[in-house]
Amino acid sequence: MLRTALILVAAGKGERAGGNIPKQYRLLSGKPLLLHTLANLQKAYNFDVFCVVVSPEDNKVQSVLANFPLDARIVVGGESRTESVRNGLKALEDSEIDLVFIHDAARPFVSPKLLSGLFQALQSCPAAAPALPIPDALKTLKGDAVDRENLRRVQTPQAFHFSKISQAFKALQKGASRADDIAVAKEYGLEIAFTEGDQRNFKLTYSEDFAKAEKMMQTETYIATGSGFDVHQFEQGGPLWLCGVPIECGFTLKGHSDADAGLHALTDALLGALAFGDIGDHFPPSDPKWKGAASDKFLLFALEKLAERGGTLQHVDVTLICEKPKIKPHREKMRERIAALCQLPLTRVSVKATTTEKLGFTGRGEGLAAQATATVKLPT
Ligand code: CTP
Ligand code: MG
């Protein structure tokens, strides 16, 4: 297996972005820009070594990374981006790295596809960078046309065979500054491969770029609402479980599990929001394992699936349809129980009840129906 490293350069002053802290620490969706970039890199590829290059005056990096699940090496950068990269490469010299990816902290929208293009290019070339064509016409300041067919906008990560780019930086004059790392590679004579860039992978440079990035992050989620419905028949016995609360009313609900129609409807609502089948698919009534089971389990399973998908529950609404038992005396307890199971504030948990005016099976008191909606926020 080839050993891979990621160098994240975050030692700049962010002068063009203004503000009173360097842009890599400015908040985006409540989190420092740097953390968005690291989280996306981590999601995109399992690098063996992470190295974050920061300015010598930086006193924020430790606290910013403190609660982030990443064991990163912190390296002190230099006056220019080129010097910062040089220091990052030097710090990795004894780590037996085969491939190194060098990325700007100011580009949070790095994607798995971008990385896999680079990995592929490195199979036949010592240096690779994502590049995009230029859509606008190009002119010199004198108004002369420039042929754009041969020009590209180049992004990071830029990826290299570690030994080659290390040699290239060693060959570069001390203190020299270049626009990016493939410039250094090119000067050293390395062959460069360009891979397909990504419009989204833009570099936050000016203050207004933060508003643009904020908007892009918001559109990365969508709201889904699922609905669920369940019916159980009454039978002798007790207690009757409803929305996770035991009710002593002299009868109970018939079913394979504890027959809590409220939690079943809610579980199905959640599964519906995830488009992940229904409760019967995951907990077949034919399986003796679920005999008499507390229905909390089913709801917690659906909540776990939601978490695995990176989603969050926003709101739930349960309607119980029956002539008996009377729901009102138990309603607040039901809300509290659901809120605790779902880890939601009470203001986001609704339990309502209605009768069917003595009509139909609920009207005749043969059983009880429950319906529910669950509203979730999911990543696109
Ligand atoms: N960078 C660095 N060391 C430097 C200069 C820049 O590590 N001496 C990093 C920046 O932190 C940034 C990336 O290189 O993540 C790209 O540089 P740029 O967008 O120019 O950032 P800044 O130099 O911080 O911004 P500005 O040029 O506006 O001051
Ligand atoms: Mg700069």
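Whatever order the structure lists ligands and atoms in, that order sets their numbers, starting from 1.
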* Gly78 to ligand 1: N or O pair under 3.5 Å? -> yes
* Asked: Side chains of Ser295 and His264: donor-acceptor distance under 3.5 Å anywhere?
  -> yes
* **Candidate pair Lys90 and Glu93, rule salt bridge (charged side-chain N to carboxylate O under 4.0 Å, His left out), full reasoning** => CA-CA 5 Å; Lys90 220 182 284 166; Glu93 252 163 26; over 6 Å; no
* Are any of the side-chain nitrogens in Glu366 or Arg364 under 4.0 Å away from the carboxylate oxygens of its partner? -> yes
* Name the option, out of Gly88, Ala106, Gly14, that contains the heavy atom nearest to atom 25 (O) of ligand 1. => Gly14
* Which is it for Ser84 and ligand 1 at heavy atoms under 4.0 Å: side chain, backbone, both or neither? -> side chain
* Ring centres of Tyr188 and Phe169 under 6.0 Å apart? -> no
* Residue and atom name of the nearest protein heavy atom (relative to atom 11 (O) of ligand 1), distance in Å to one decimal -> Gly12 N, 2.9 Å
* Answer yes or no on whether Arg26 is positioned over the face of Phe210, meaning its NZ or CZ is under 6.0 Å from the six-membered ring centre and within 45° of the axis. => yes
* To do: Scan side-chain atoms only and decide if Arg73 and Ser95 contain a donor-acceptor pair under the 3.5 Å cut-off.
  => yes
* Asked: Does ligand 1 have an atom under 4.0 Å from some heavy atom of Gly77?
  -> no
* **Residue and atom name of the nearest protein heavy atom (relative to atom 12 (C) of ligand 1), distance in Å to one decimal** => Val9 O, 3.7 Å
* Asked: Under 6.0 Å between ring centres, would you say that holds for Phe47 and Phe50?
  -> yes
* Would you check the N or O atoms of Ala17, main chain and side chain alike, for any that come under 3.5 Å of an N or O of ligand 1? => no
* Ion pair Lys212/Asp209, N-O distance below 4.0 Å -> no
* **Top protein contact for atom 13 (C) of ligand 1, by heavy-atom distance** => Asp104 OD1, 3.4 Å
* For Glu79, counting its heavy atoms only, list the atoms of ligand 1 lying under 4.0 Å from any of them. => 8 (N)
* Structure fact -> Short version for Glu83: what comes under 4.0 Å of ligand 1, heavy atoms counted, is neither
* Test: Asp317 and Lys352 ion pair at under 4.0 Å -> yes
* To do: Would you mind checking which non-hydrogen protein atom is closest to atom 7 (O) of ligand 1, with the distance to 0.1 Å?
  => Ala11 N, 2.8 Å
* Asked: Does the N or O separation between Leu204 and ligand 1 drop below 3.5 Å for any pair?
  -> no
* Structure fact -> For atom 26 (P) of ligand 1, the closest protein heavy atom turns out to be Glu15 N, 3.4 Å
* Asked: Is ligand 1 under 4.0 Å from a heavy atom in the side chain of Ala105, in the backbone, in both, or in neither?
  -> both
* Could you name the option among Lys13, Lys23, Arg81 that has the heavy atom nearest to atom 4 (C) of ligand 1? => Arg81
* Could you tell me whether Lys333 and Glu336 make a salt bridge, using a distance below 4.0 angstrom between a side-chain N and a carboxylate O? => no
* Asked: At what distance is the nearest protein heavy atom to atom 20 (O) of ligand 1, and which residue and atom is it?
  -> Arg16 NH2, 2.9 Å
* Taking only heavy atoms of Ser80 into account, list the atoms of ligand 1 that are under 4.0 Å away from them. => 3 (N), 4 (C), 8 (N)
* Relative to Phe251, does Lys324 satisfy both conditions: NZ or CZ under 6.0 angstrom from the six-membered ring centre, and within 45 degrees of the ring's axis? -> yes
* Structure fact -> Closest to atom 19 (O) of ligand 1 among protein heavy atoms sits Lys203 NZ, 2.6 Å
